[in-house]
Structure formats: structure tokens, C-alpha cells
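So the structure is just underneath, and the comments pick up after that.
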Amino acid sequence: MKRFCYRCGALEDEAGPLIQGLCQRCFSEVPLLQLPAEVEVVLCKRCGAVRIGRQWQLQSSGASVEDAVRQAVLHVVRVTRDTEAGRKFLRPEEAGVQVEVNPRLKEGLVDVRASGRVHHLQVNPKVEEATLKLNLKYTTCNLCSLKRARHYEAILQLRDFPSRETRLRVQEEMERLAAQSSKVKPGNFIAEVKEHHGGLDFYLSSVSLARMMAARLKESFGATTVESAKLIGQTKNGRRKYRVSILARFK
Ligand SMILES: [Zn+2]
Ligand SMILES: [Zn+2]
């Protein structure tokens with residue numbers, strides 16, 4: 001008995017193999033791309049980070065707005081995958097589907113082009129294109145808000161410098177160390193540096209950064225350090241909150 005497409009009647013020998021009872025041409029009408037008509041992309045106006053789901057994704061210094069939009073749009077793209085077990089909507093990389101995203105910022109549009117198979121029996125991969133409306137929004141990311149508010153959790157107090165030259169060298173070294181550390185952990189930064197009777201106070205975003213800097217002071221400059229913590233309140237979930245101070249002396 002010859003099998004044929006239930007929709008157009010084409011014979012499987014000529015237009016097959018049939019997929020779910022459909023010939024190749026009729027099955028190719030199943031859309032590959034699953035997209036919203038409009039996509040909202042939120043960027044940080046200070047550092048260019050892009051919000052992906054609930055997280056802020058930092059961008060490398062050379063990244064453009066187009067790159068950020070591309071990342072955000074790729075995050076919402078889903079593609080159809082049919083198997084014997086049913087239909088699923090997968091991320092393009094899970095389904096092995098190539099997706100290109102081309103933002104047209106001036107026009108407020110994004111072109112999406114996908115090529116791949118909806119079903120493994122599909123002979124020719126589908127190429128599908130769609131255009132979405134782009135709703136670009138600018139705000140300030142969490143990290144930039146903290147930096148702007150000069151948020152700090154620890155104070156590193158440097159006292160008794162033997163000379164102004166040493167103080168300058170130490171400050172440079174501390175700033176270099178903090179910059180290095182923030183490349184790995186963006187939440188690590190110097191919120192503020194203040195002079196204090198010839199000494200220096202570093203207001204630091206995290207306790208771990210303060211300890212890292214204190215360790216360097218010991219190793220490279222022979223400083224002695226003492227850490228103390230002061231209770232400053234409670235967190236929202238009732239845990240005690242401390243501000244850590246580290247005192248470093250040079251003689
Ligand atoms: Zn057909
Ligand atoms: Zn930011």
C-alpha cells in the first residue's frame with residue numbers, strides 16, 4: 001500500500017519521507033522560529049551592561065550596543081523541535097539551529113534569521129526570517145548603583161607611612177590590585193579613598209577585597225594588620241550585619 005500526504009495527497013515515494021503524515025513540502029510550513037512580536041532590551045546607561053532575564057551581564061569594553069541587543073534577543077529566541085514524543089520549544093543551541101540576530105537600532109527593529117530542521121526527517125533545512133520590534137530601555141545596573149552610592153562593606157585604614165613616597169607607592173599598588181580583582185569579580189571595587197592625618201582610608205565594596213589588599217600590604221610592604229568588626233544592623237532576613245575594619249601599620 002502506498003502512503004501519501006494527508007493534506008495534499010502527494011505520494012511518499014515522490015514527496016517523502018512523510019513526517020507525521022505530511023509530505024516534505026507540507027511539513028515545511030511548520031514554523032521554526034518562536035518569537036515575541038516585540039522584545040524589550042534593558043541596558044545600563046553607565047557601563048553598557050545588558051539585562052538578561054534577571055541578571056545583569058557585563059559587557060567587555062569594546063562591545064557595542066548592537067552586541068548587547070544581540071545577546072538579549074538570542075536569550076528569548078526559541079525554535080520548534082518535533083520528535084515522536086511531541087513538540088518542544090528549545091534554545092537554538094540545544095536544537096542545533098543556527099540563529100543570526102541583526103539589530104537595526106535607528107529603525108527600532110531586529111532581524112532574526114534561523115536555519116535548521118524542525119524534525120530530523122526533514123530533508124532540506126528550513127531558513128526562516130522574522131523582524132521584531134525593539135524596545136530599547138536605559139537604566140542603571142545594580143553594580144553602578146552601588147558604585148554611585150559609594151556603597152562599602154569594609155574600611156582598610158593605612159597608618160604610619162614612613163614617607164610620602166611609600167604612601168604613593170602603596171596607594172598605586174592598592175588601586176592596581178583592586179582593578180585587577182574587579183576584572184574577575186566586578187563587585188569588588190574601591191568606593192572611595194580618603195586622606196586621614198597623613199594616612200589613607202580605603203572604603204571597599206567587599207570584605208574579601210579588603211582582606212586581599214591587607215595581605216598584599218603584609219607581603220610587599222611589611223605592614224602589620226589587625227581586623228575588627230562592628231555590628232551595624234540586620235539584613236532583611238534577620239542576619240547580623242557587620243562592617244569590617246582592617247588597620248594596617250607600617251612601622
Ligand atoms: Zn503534502
Ligand atoms: Zn552599569
Side-chain angles (χ1 to χ4, degrees), residues 1-33 39-76 80-84 86-87 103 105 115-128 134-154 175 177-193 202-206 208-209:
M1 197 185 103
K2 290 198 168 180
R3 301 209 306 161
F4 55 89
C5 172
Y6 73 79
R7 188 184 294 165
C8 73
L11 289 170
E12 180 165 39
D13 290 349
E14 286 155 19
L18 298 185
I19 305 171
Q20 295 161 1
L22 292 169
C23 70
Q24 291 285 322
R25 198 168 51 84
C26 289
F27 186 81
S28 74
E29 284 165 26
V30 175
L32 177 61
L33 276 170
V39 63
E40 184 183 274
V41 176
V42 183
L43 300 178
C44 174
K45 59 176 177 262
R46 300 174 76 89
C47 72
V50 58
R51 199 159 73 195
I52 304 288
R54 288 185 182 175
Q55 304 270 12
W56 283 98
Q57 186 81 46
L58 294 169
Q59 298 292 291
S60 58
S61 53
S64 61
V65 173
E66 278 90 347
D67 292 331
V69 169
R70 206 169 279 131
Q71 240 182 304
V73 172
L74 269 177
H75 185 76
V76 301
T80 315
R81 168 50 52 107
D82 276 1
T83 64
E84 275 58 48
R87 176 164 292 180
L105 299 181
S115 64
R117 290 174 171 82
V118 173
H119 192 285
H120 74 278
L121 287 179
Q122 213 163 8
V123 176
N124 299 313
K126 269 199 91 165
V127 176
E128 210 171 287
L134 173 65
N135 185 2
L136 203 54
K137 285 191 173 164
Y138 284 90
T139 176
T140 306
C141 76
N142 302 347
L143 198 56
C144 287
S145 304
L146 290 176
K147 284 184 180 172
R148 202 173 171 188
R150 299 190 190 281
H151 167 87
Y152 65 96
E153 285 179 358
E175 281 166 359
L177 186 60
Q180 244 173 39
S181 163
S182 77
K183 276 188 193 145
V184 187
K185 254 187 91 183
N188 278 356
F189 58 88
I190 298 175
E192 206 169 5
V193 187
F202 284 93
Y203 292 77
L204 302 170
S205 65
S206 76
S208 65
L209 177 61

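Atoms within a ligand are numbered from 1 in the order they appear, just like the ligands themselves. Small disclaimer: the values here were computed from a predicted structure and weren't measured. Numbers here are sequence positions counted from 1.
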Test side-chain contact (heavy atoms from CB on, under 4.5 Å) applied to Phe27 and Val118, step by step: CA-CA 9 Å; Phe27 186 81; Val118 173; 3.9 Å; yes
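Rounding to 10 degrees, one finds that the Zn ion (ligand 1) sits at the corner of an angle of 110° between Cys8 SG and Cys26 SG. Expressed to the nearest 10°, the angle at the Zn ion (ligand 1) joining SG in Cys5 with SG in Cys23 is 120°.
Cys23 places a side-chain heavy atom less than 4.5 Å from the side chain of Leu18. Looking at heavy atoms from C-beta onward, Leu22 lies out of side-chain contact with Glu29 at the 4.5 angstrom threshold.
Protein atoms of type N/O/S that fall under 2.8 Å from the Zn ion (ligand 2) number 4 in this view.
Separation of atoms OG1 (Thr140) and CG (Leu146) is listed at 11.5 Å; rounding is to 0.5 Å.
Judged by distance alone, the side chain of Gln24 and the main-chain N or O of Pro17 form a donor-acceptor pair under 3.5 Å.
With no hydrogens or angles considered, no side-chain donor-acceptor pair links Ser145 and Asn142 at under 3.5 Å.
Checked options Gln122, His119, Arg87; the residue passing with Asp82 is Arg87 (criterion: side-chain hydrogen bond (donor to acceptor under 3.5 Å, both in side chains)).
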